[in-house]
Asks: 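Just dropping this structure here.
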Amino acid sequence: MHWRGLIEEYKAYLPVDDDTPRLTLYEGGTPLIRLDALSRKFEAELYAKVEGHNPTGSFKDRGMVMAVAKAKEAGAHTVICASTGNTSASAAAYASRAGLKTIVVVPEGKIALGKLAQAMMYGAEIISIQGNFDEALKVVRKIAEKNDGITLVNSVNPYRLEGQKTAAFEIAEVLGTAPDYLTIPVGNAGNISAYWKGFKEYDAKNDSGLPKIYGFEAEGAAAIVNDRVIEQPETVATAIRIGNPASWSLAVEARDESGGLIESVTDEEILKAYEMLAAAEGIFAEPGSNASTAGMIRALEEGKIEKGATVVAVLTGNGLKDPETAMEQIIKKPKLLPNDEGQIIDYIEGLGEN
Ligand code: F0G
């Protein structure tokens with residue numbers, strides 16, 4: 001049947017009623033793709049939940065459709081957020097569609113090009129600050145508190161987690177049960193909290209079981225792992241360049257209740273997984289997303305995930321959002337040749353020989 005978008009599909013699980021606008025860009029319903037090469041290599045059942053298929057190319061759309069619909073229902077005229085990029089793109093898209101204004105505050109020079117282009121195209125008011133995400137979040141929280149009519153749509157807005165929990169439902173629906181493990185990137189820690197909430201709610205209604213939640217921060221931004229705020233977070237994975245996660249305690253709860261873990265992965269591990277996933281499985285996910293791929297691979301290598309286990313790695317955003325990292329990191333560059341048919345043919349035929 002035709003997919004009707006998140007609110008319509010999951011209204012039985014969401015805080016919506018007849019007054020809630022039926023906002024949608026047909027978010028959700030994303031594919032769960034079996035990772036054939038990796039499953040063979042590690043003798044396990046490995047899958048990716050490919051959230052880059054959402055309308056603005058990231059999982060944020062699940063939370064944003066709810067947050068913006070509820071802001072509209074409550075009579076807001078503007079939504080505001082801090083962002084490492086994806087939240088701003090998603091907020092701007094849904095707010096435009098709902099007829100609301102968008103204000104976003106972002107860390108200067110640390111937003112992937114595609115995400116910035118999206119927010120600009122969707123018509124957001126963009127303020128770029130000489131500070132990081134955590135500082136941007138502090139400011140927008142203050143503005144939203146002081147101004148009726150301006151709704152904060154970062155993941156501290158509870159409707160965000162409500163929307164995002166639906167990805168867990170979809171995984172359990174496709175597999176028939178929850179997976180044994182879920183691996184997921186951790187930035188501001190909203191998504192890991194949303195998945196755990198989703199698996200618990202789905203299990204309560206459908207007896208689908210619960211996964212162990214394995215969260216992965218970037219090593220240079222690993223606040224939860226180190227149990228302290230990181231004042232100057234740094235990582236190539238700009239999406240998760242966050243030193244003071246807002247949903248810190250909820251993430252710890254998800255880890256502990258599920259019998260899971262939260263560890264960090266290095267930029268090197270992230271980039272290696274990023275390139276491998278695209279080249280070996282045909283799935284191009286942005287660097288931050290591959291914290292979950294890198295973490296899954298390490299957990300398999302270290303025996304923290306056993307052979308035969310079913311694992312879902314959450315790929316939070318589309319690789320096209322960050323063309324600069326791809327171009328900088330990829331070792332195999334395009335071959336430059338003159339426009340000479342003979343030379344081009346010789347080169348291409350030569351490729352087959354080795
Ligand atoms: N992956 C991607 C691609 C993200 O954009 C984010 C967060 C995360 C993972 C981490 O999710 O914050 O719920 O733990 N991006 C936010 C943003 C912060 O502004 O776009 P989280």
Side-chain angles (χ1 to χ4, degrees), residues 48-54 56-64 67 79-93 102 104-107 110-112 114-116 118-119 124 126 132-137 140 152-157 160-161 163-165 167 182-198 213 215-218 221-225 233 235-248 250-252 254-255 262 265 270 274 284-295 313-322 325:
K49 180 65 171 161
V50 186
E51 289 291 280
H53 279 233
N54 276 299
T56 76
S58 86
F59 73 96
K60 304 288 180 181
D61 295 340
R62 292 180 187 274
M64 210 52 80
V79 298
I80 192 167
C81 64
S83 185
T84 58
N86 282 324
T87 298
S88 63
S90 187
T102 312
V104 306
V105 182
V106 298
K110 299 292 181 180
I111 302 289
K115 303 174 187 179
L116 191 59
Q118 286 181 289
I126 303 169
N132 60 36
F133 170 86
D134 307 284
E135 289 154 340
L137 183 58
V140 296
L152 182 65
V153 293
N154 281 104
S155 56
V156 291
N157 177 325
R160 281 279 311 276
L161 300 200
Q164 285 170 219
K165 75 185 180 187
L182 184 92
T183 70
I184 184 165
V186 177
N188 210 25
N191 210 29
I192 187 174
S193 311
Y195 269 85
W196 183 235
K197 187 176 199 299
I213 305 281
F216 296 94
E217 295 183 297
I224 299 174
V225 172
T235 167
V236 68
T238 52
I240 52 172
R241 184 175 167 271
I242 294 171
N244 189 11
S247 297
W248 191 316
L250 283 178
V252 167
R255 177 193 69 190
I262 296 178
V265 285
I270 289 172
Y274 171 62
F284 185 23
E286 65 169 288
S289 299
N290 281 289
S292 56
T293 322
V314 181
L315 300 180
T316 45
N318 195 305
L320 289 171
K321 283 177 171 272
D322 190 357
T325 302

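Just so you know, ligand 1 is whichever comes first in the structure, and atom 1 is the first atom listed for that ligand. Atom set for the values below is all heavy atoms of this structure, side chains included, hydrogens, waters and symmetry mates excluded. This one's a predicted model, so the numbers in the text were calculated from it and none came from an experiment.
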Asks: To the nearest 0.5 Å, what is the distance between CG on N318 and CG on N86?
Replies: 9.5 Å
Asks: In Å, rounded to the nearest 0.5 Å, how long is the span from CE of M64 to OG1 of T87?
Replies: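 If I round to the nearest 0.5 Å, the distance is 5.0 Å.
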Asks: I184 near ligand 1, heavy-atom distance under 4.0 Å?
Replies: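 No, I184 has no heavy atom closer than 4.0 Å to ligand 1.
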Asks: Between the side chain of N188 and the main-chain N/O of A246, is any donor-acceptor distance below 3.5 Å?
Replies: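 Here the side-chain-to-backbone pair exists.
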Asks: Just jot down the ligand 1 atoms closer than 4.0 angstrom to any heavy atom of N86, in number order.
Replies: 2 (C), 3 (C), 4 (C), 5 (O), 20 (O)
Asks: In terms of residue, atom name and distance, what is the protein heavy atom nearest to atom 11 (O) of ligand 1?
Replies: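 Looking only at protein heavy atoms, the one closest to atom 11 (O) of ligand 1 is F59 CZ, 3.5 Å.
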Asks: So which protein heavy atom does atom 13 (O) of ligand 1 come closest to, and at what separation?
Replies: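 Ranking protein heavy atoms by distance from atom 13 (O) of ligand 1, first comes N191 N, 2.8 Å.
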Asks: For ligand 1, note which part of A239 has a heavy atom under 4.0 Å away: side chain, backbone, both or neither.
Replies: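 The answer is both, backbone and side chain.
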Asks: Go through ligand 1 atom by atom and flag the ones less than 4.0 Å from a non-hydrogen atom of T316.
Replies: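 Answer, ordered by atom number: 1 (N), 2 (C), 3 (C), 9 (C).
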Asks: Does the K321 side chain pair with the main chain of T56, one donor and one acceptor, at a distance under 3.5 Å?
Replies: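 Yes, because the side chain of K321 sits within donor-acceptor range (under 3.5 Å) of the backbone of T56.
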Asks: How long is the gap from CD1 on I262 to CH2 on W248, to the nearest 0.5 Å?
Replies: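 Going from the CD1 atom of I262 to the CH2 atom of W248 covers 10.0 Å.
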Asks: Check K115 against ligand 1 and report side chain, backbone, both or neither, counting heavy atoms closer than 4.0 Å.
Replies: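 For K115, there is no contact with ligand 1 at all, from either part.
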Asks: CD1/I192 to CD1/I224 distance, rounded to the nearest 0.5 angstrom?
Replies: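 Separation between the atoms: 7.0 Å.
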Asks: Distance to 0.1 Å, residue and atom name: give those for the protein heavy atom nearest to atom 12 (O) of ligand 1.
Replies: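 Sorting protein heavy atoms by distance from atom 12 (O) of ligand 1 puts N188 N, 2.7 Å first.
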Asks: If the condition is side chain to side chain contact (heavy atoms under 4.5 Å, CB included), which residues does A294 pass it with, not counting sequence neighbours?
Replies: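 A294 satisfies side chain to side chain contact (heavy atoms under 4.5 Å, CB included) with V265, E269, A273 once adjacent residues are dropped.
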Asks: Report yes or no: does A189 have a heavy atom closer than 4.0 Å to ligand 1?
Replies: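 True for this residue.
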Asks: Nearest protein heavy-atom contact for atom 7 (C) of ligand 1: which residue, which atom, what distance?
Replies: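 That would be K60 NZ, 2.9 Å.
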Asks: Taking side-chain hydrogen bond (donor to acceptor under 3.5 Å, both in side chains) as the test, write out the residues that go with T102, two or more places apart.
Replies: none
Asks: Check ligand 1 against T87 and write out every atom of the ligand that is under 4.0 Å from a heavy-atom position of the residue.
Replies: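 Going through ligand 1 atom by atom, the ones under 4.0 Å from T87 are 16 (C), 17 (C), 19 (O), 20 (O).
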Asks: Considering only heavy atoms of G190, which atoms of ligand 1 have at least one such atom less than 4.0 Å away?
Replies: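 Numbered from 1, ligand 1 contributes 13 (O), 14 (O), 21 (P).
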Asks: Number the atoms of ligand 1 from 1 as they appear, then name those within less than 4.0 Å of a heavy atom of G187, with their elements.
Replies: 10 (C), 12 (O), 14 (O), 21 (P)
Asks: In ligand 1, which numbered atoms sit nearer than 4.0 Å to a non-hydrogen atom of S83?
Replies: 17 (C), 19 (O), 20 (O)
Asks: Distance from N191 atom CG to Q164 atom CD, nearest 0.5 Å?
Replies: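 The CG atom of N191 sits 4.5 Å away from the CD atom of Q164.
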Asks: So is there a nitrogen or oxygen of T84 less than 3.5 Å from a nitrogen or oxygen in ligand 1?
Replies: yes
Asks: When you look for heavy atoms under 4.0 Å from ligand 1, do you find them on the side chain of I192, its backbone, both, or neither?
Replies: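 Neither part.
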Asks: Which ligand 1 atoms are under 4.0 Å away from a heavy-atom of E286?
Replies: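 Going through ligand 1 atom by atom, the ones under 4.0 Å from E286 are 3 (C).
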Asks: Under 3.5 Å, side chain of S58 to main-chain N/O of G317, donor-acceptor pair present?
Replies: no
Asks: Mind checking whether D134 and P233 have side chains closer than 4.5 Å, heavy atoms only?
Replies: yes
Asks: Rounded to the nearest 0.5 Å, what's the gap from CG on L116 to CG on D322? Could you check?
Replies: 12.0 Å
Asks: Please could you name the atoms of ligand 1 that I240 approaches to less than 4.0 Å, counting only its heavy atoms?
Replies: 8 (C), 9 (C), 10 (C)
Asks: What about Q164: any of its N or O atoms under 3.5 Å from an N or O on ligand 1?
Replies: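 It does not: no N or O of Q164 is found under 3.5 Å from an N or O of ligand 1.
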